[in-house]
2 protein chains.
Amino acid sequence: MLRLSKKADYGLIAMKHLALLPKASSCSTREIAEHYDIPAELLAKVLQRLARQGLLVSHQGKRGGYRLALPSTVISVADVIQAIDGPVMVTACSDEVADCDQYSKCSVRDPLWRIKDRIVSALSACTIFEMATDTISDAIFPAAVAKRPTAATLASTADQ
Amino acid sequence: MLRLSKKADYGLIAMKHLALLPKASSCSTREIAEHYDIPAELLAKVLQRLARQGLLVSHQGKRGGYRLALPSTVISVADVIQAIDGPVMVTACSDEVADCDQYSKCSVRDPLWRIKDRIVSALSACTIFEMATDTISDAIFPAAVAKRPTAATLASTADQ
DNA sequence: AGAAATAGGACCGCCCGAGTCCTATTTTAT
DNA sequence: ATAAAATAGGACTCGGGCGGTCCTATTTCT
């Protein structure tokens, strides 16, 4: 549940790979695909989309390839995911569009919308640079949350 | 992308519904299903799982139903989602199990694992009570993140 | 001219989520 | 006692979307 698409996975792998190259150097789809055992043609589509969204700069022709369009410190994980898969949606029904039949009776749309914002925040808070250098801090919440007893804990004592 | 399953949706709707009932009163599957236009038999399975995980207390027989097993202030959204769909997984490959063939070459597993922890934190930070009373605060990050220019912004100026 | 790369449309198979069906079992109301 | 109404849960089906492939341009370097 809540899993990333394979495309998003591949996109992040590629972005990290490009971030670790010497400044402003580029790399072809095939190189990356072979390096990580990713279907080349699928990765191609992913990189094309990242280029269309302005996160990568493409260079056609022989000796062509891709390079980061921006410093890796400025590109967030959220940027990559959204460039590939479109806007993050926790719920089926989008902002205003009542595309799910239970729209009128749905009581959790607004709360879930706020939770979605939190998730996007979490994804936006992490840059490709941090991914590449493995400098992602684990915790984002101060203390209160971690301290609060989980239902799982309480339930196990109450249950059975 | 990153969407919740329908079951998780239904589970949250039901939990919120039960949280809004007078203290310790219960409600049948059918009542909830009809109220929100949810397929009753599907909702039944969801509630059964929530009961098995100790988040709900079930009462069989005529006039039976479900009620919260714990105060709504103690049950988090993460609890509900995980009770229904199992552990939140952002990546295909789990903690130690190398169930994806690219395990050895995967360079983003660890970073994504930390991101997953952040998402779980975000979900754990929100209780059913907050959902029911619509008291979820929007922002969880102080300032730094919001201020940082997004790649989208920068790209749009750089692009085309 | 040809090789190697990006650009992108069209297609396909299959897995899994969503939903249904069916059969217990338990409890309560009549 | 019997029927009704509820939970418990296994088995099954169906359809859409994701992951992947194929094919055809087009660009650019050698």
Side-chain angles (χ1 to χ4, degrees), chain A residues 1-11 13-14 18 25-34 36-67 69 81 84-86 89 91-92 99-102 160, chain B residues 1-11 13-14 18 25-34 36-67 69 81 83-86 89 91-92 99-102 159-160:
Chain A
M1 192 65 281
L2 274 178
R3 215 181 281 126
L4 289 180
S5 69
K6 274 282 176 68
K7 287 181 189 172
D9 269 335
Y10 297 156
I13 290 174
L18 292 172
S25 57
S26 72
C27 187
S28 75
T29 301
R30 199 173 48 77
E31 282 180 84
I32 301 180
E34 285 177 358
Y36 299 98
D37 269 337
I38 299 174
E41 284 171 321
L42 183 53
L43 180 62
K45 296 211 181 313
V46 171
L47 297 182
Q48 281 165 29
R49 245 185 270 190
L50 289 171
R52 248 180 293 164
Q53 300 295 321
L55 298 183
L56 292 180
V57 170
S58 70
H59 186 237
Q60 275 194 329
K62 197 171 181 178
R63 301 279 309 158
Y66 295 92
R67 60 178 172 79
I81 293 175
I84 295 171
D85 284 329
M89 307 266 276
T91 57
D99 47 3
C100 84
D101 40 352
Q102 289 128 338
Q160 302 156 13
Chain B
M1 193 64 280
L2 274 178
R3 214 182 281 126
L4 288 181
S5 70
K6 274 282 178 70
K7 288 181 188 171
D9 269 335
Y10 297 157
I13 290 173
L18 291 172
S25 57
S26 71
C27 187
S28 75
T29 301
R30 200 174 46 77
E31 283 180 85
I32 301 179
E34 285 177 358
Y36 299 99
D37 268 337
I38 299 174
E41 283 170 321
L42 184 53
L43 179 62
K45 297 209 182 312
V46 170
L47 297 181
Q48 281 165 29
R49 247 186 268 189
L50 289 171
R52 249 180 291 163
Q53 300 294 320
L55 298 183
L56 293 180
V57 171
S58 70
H59 187 238
Q60 275 193 328
K62 198 170 177 176
R63 302 277 312 157
Y66 296 92
R67 60 177 171 81
I81 292 175
I84 295 170
D85 284 330
M89 306 266 275
T91 56
D99 46 3
C100 83
D101 40 351
Q102 290 129 338
D159 199 24
Q160 301 156 15

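Source: prediction; values computed, not measured. Within every chain, numbering begins at 1; the chains are lettered A, B, ... in the order of the sequence lines, protein sequences first and strands thereafter. When reading the values below, keep in mind they use all heavy atoms of this one structure, side chains included, and skip hydrogens, waters and symmetry mates.
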Separation of [X] atom [atom1] from [N] atom [atom2], in whole Å?
X	N	atom1	atom2	value
B/Lys6	C/dG19	NZ	C1'	10 Å
B/Glu31	D/dA5	CD	C1'	12 Å
B/Leu42	C/dT20	CG	C1'	10 Å
B/Leu43	C/dT20	CG	C1'	15 Å
B/Tyr10	C/dG17	OH	P	14 Å
B/Lys62	D/dT2	NZ	P	16 Å
B/Ile84	C/dA18	CD1	P	11 Å
B/Ile32	D/dA6	CD1	C1'	13 Å

Rounded distance [0.5 Å steps], [atom1] in [X] versus [atom2] in [Y]:
X	Y	atom1	atom2	value
B/Arg49	B/Leu55	CZ	CG	12.5 Å
A/Leu50	A/Leu18	CG	CG	9.0 Å
B/His59	B/Ser26	NE2	OG	8.0 Å
A/Leu47	A/Ile84	CG	CD1	8.0 Å
B/Met89	B/Thr91	CE	OG1	6.0 Å

Produce the list of close N/O pairs, under 3.5 Å, pairing protein atoms with atoms of nucleotides 11-15 of chain C; give distances to one decimal.
none

What residues, two or more places apart in sequence or in another chain, satisfy side chain to side chain contact (heavy atoms under 4.5 Å, CB included) together with [X]?
X	value
A/Leu2	B/Leu2, B/Leu4, B/Val88, B/Ile119, B/Leu123
A/Glu31	A/Cys27, A/Ser28
B/Arg63	none

By side-chain hydrogen bond (donor to acceptor under 3.5 Å, both in side chains) - contacts of B/Arg3 (at least two apart)
none
A/Glu34: which residues meet the side-chain hydrogen bond (donor to acceptor under 3.5 Å, both in side chains) condition with it, sequence neighbours left out?
A/Arg30
Hey, which of B/Thr29, B/Asp9, B/Leu43 is the one that makes side-chain contact (heavy atoms from CB on, under 4.5 Å) with B/Ile38?
B/Leu43
Axial bend angle, the helix from C/dA1-D/dT30 to C/dT30-D/dA1: five-pair end segments, nearest 10°:
10°
Look at the side-chain N and O atoms of A/Arg30 and state whether any lies under 4.0 Å from the OP1 or OP2 oxygen of C/dA4.
no
Does D/dC18 have its OP1 or OP2 closer than 4.0 Å to a side-chain nitrogen or oxygen of A/Ser5?
no
Provide a list of protein-nucleic acid N or O atom pairs under 3.5 angstrom, restricted to nucleotides 8-12 of chain D.
{"residue": "D/dA8", "atom": "OP1", "partner": "B/Ser58", "partner atom": "OG", "Å": "2.8"}
{"residue": "D/dA8", "atom": "OP2", "partner": "B/Tyr66", "partner atom": "OH", "Å": "2.6"}
{"residue": "D/dA8", "atom": "N7", "partner": "B/Gln48", "partner atom": "NE2", "Å": "3.4"}
{"residue": "D/dG9", "atom": "OP2", "partner": "B/Arg52", "partner atom": "NE", "Å": "3.4"}
{"residue": "D/dG10", "atom": "O6", "partner": "B/Lys45", "partner atom": "NZ", "Å": "2.6"}

Name the residue closer to the 5' end of DNA chain C, choosing between A/Cys27 and B/Asp85 according to the nucleotide with the nearest heavy atom.
A/Cys27
